[in-house]
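Heads up: the structure comes next, in structure tokens.
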Amino acid sequence: MTEILPINENSLKRAKLLILKGETVAFPTETVYGLGADACNTAAVNKIFEIKGRPNDNPLIVHVHKDFDISYLVTEVPEYAKVLAEKFLPGPLTMVYKSKGTVSPVVSCGLDTLAIRIPSHEGAQRFLKYVDLPVAAPSANISKHVSPTSAQHVLADLQGKIDLILDGGVCSGGIESTVLDCTGEIPVVLRSGLISREMVEETVGACGEYVYREGAVARSPGMRYKHYAPRCRTEMFAPDEYEKALALYDFEAAKGVKACIICDGDGEKFVGGRKYMCLGATPEEMASNLYSELREGENTCDLLIVISPKQSGGVMAGVMNRLTKACGKRYEN
Ligand code: TXA
Ligand code: MG
């Protein structure tokens, strides 16, 4: 039985007991819900991989509260990383450093680096402070499914597989944290998110972006996998392909297929009487709505027709990265 509890003294006690016993606990963050376990307990970390069905070469992020001394976990913190931490943490930015080897080697899948995240969500801070241990946590979904942005989403994926979900409401950020490699001369974005490459560059003068190419050794192994996919057919169109997208909708709807369009604020005026969901007008709104709309879509429709938003750059890089990973295939006649 999986329990969902609001975050209070009682549920935190329960959560701490579970973590100390080597069990997992789902908890909210400002990005998506995480599935946490004691990062120093190899058996507990292995459970995370099992529960999610996660490939064992995709490393986990370690979460700590804001007063946790990370020099306990990592060796070098370059000057630029201190500046970035001062500006953006707690917040949706994960920083990768050289590991001290304090946590279980399973966390980083044998890499000599460690990804550390200090979430800003009040419930996450309370949980992490209460257990006062480094907590390894991926997103609390079945591997390759859409990430969860509510306790109900976690339950839908992990019911019966975990004991406790701490309910901290709906995640406002909506897409996973930016992952930033801080082991080199300049920071390099490994996964885009709400802290954009441009924001990092503006703060410390330079920031690279890692682009994974098929077949190469991935700097951030998670990038190799198809991710975030809804469990229904999805077709993706470019911003100027409205006609083609609407034609597909009409063709499928005539056969009785329950189709739904996902588009941005500009797109709304094109969809006519067809069923649609609006991602939002700003990149932040789109990030916030994306996963809940994909989950709503897979639960209520047979076909999601995604029309790419026009905007690009900044936070939009993160939104487009998730959208293409979820709905990747482009529609061809
Ligand atoms: O917002 C988030 O980051 C959420 C919440 C729960 O904090 N967590 C999350 O975890 O998205 P996960 O496991 O779904 O994604 C972790 C990403 C993967 O792409 C993984 O490859 C990368 O971080 N990563 C973890 N450790 C790494 C390391 N040592 N070096 C490079 N990439 C790493
Ligand atoms: Mg994930």
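Note that ligands are numbered from 1 as they come in the structure, with each ligand's atoms numbered from 1 the same way.
Atom numbering of ligand 1 starts at 1 in the shown order; those under 4.0 Å from a heavy atom of Gly34 are 6 (C). Each of the atoms 28 (C), 29 (N), 30 (N) of ligand 1 lies under 4.0 Å from some heavy atom of Thr113. The distance from ligand 1 to the heavy atoms of Leu60 drops below 4.0 Å at these ligand atoms: 25 (C), 26 (N). Against a heavy-atom cut-off of under 4.0 Å, Arg117 is close to the following atoms of ligand 1: 1 (O), 2 (C), 3 (O), 5 (C), 7 (O). Close approach to His63 involves these atoms of ligand 1, each under 4.0 Å from a residue heavy atom: 5 (C), 6 (C), 7 (O).
Counting heavy atoms from C-beta on, the side chains of Val32 and Asn141 never come closer than 4.5 Å. Between Ile142 and Lys161, the closest side-chain pair of non-hydrogen atoms falls below 4.5 Å.
Between the side chains of Thr149 and Ser292, no donor N or O sits under 3.5 Å from an acceptor N or O. Tyr130 and Glu9 form a side-chain donor-acceptor contact under 3.5 Å, judged by distance and modelled atom types alone. Side-chain atoms of Asp132 and His65 form a donor-acceptor pair, as typed in the model, at a separation below 3.5 Å. Using modelled atom types and a 3.5 Å distance limit, the side chains of Arg322 and Ser147 yield no donor-acceptor pair.
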In residues 300-312, what donor-acceptor pairs under 3.5 Å come from side-chain atoms, sequence neighbours left out?
| unit_1 | atom_1 | unit_2 | atom_2 | d |
| --- | --- | --- | --- | --- |
| Thr300 | OG1 | Glu296 | O | 2.8 |
| Asp302 | OD2 | Lys258 | N | 2.7 |
| Ser308 | OG | Phe237 | O | 2.9 |
| Gln311 | NE2 | Ala281 | O | 2.8 |

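Every residue two or more places apart in sequence or in another chain that forms a ring-ring contact (aromatic ring centres under 6.0 Å, His included) with Tyr242 is listed here: Phe270.
Residue Leu190 touches ligand 1 through its side chain alone, judged by heavy-atom distances below 4.0 Å. Contacts of Glu30 with ligand 1, taken as heavy-atom pairs under 4.0 Å, are absent altogether. Residue contacts with ligand 1 for Val96 involve side-chain atoms from C-beta outward but no N, CA, C or O (heavy atoms, distance under 4.0 Å).
Between the Mg ion (ligand 2) and Ser139 there is an N/O/S contact shorter than 2.8 Å.
Looking at Pro59, Ala136, Pro55, Pro92, it is Pro59 that brings a heavy atom closest to atom 24 (N) of ligand 1.
The N/O atoms of Thr29, backbone and side chain alike, include none that comes under 3.5 Å of an N/O atom in ligand 1. In terms of N/O distances under 3.5 Å, ligand 1 is approached by Ser177. Ligand 1 has a nitrogen or oxygen under 3.5 angstrom from a nitrogen or oxygen of Asn58.
For an aromatic pair to be called close, the ring centres must be under 6.0 Å apart, and His153 with Tyr291 fails this.
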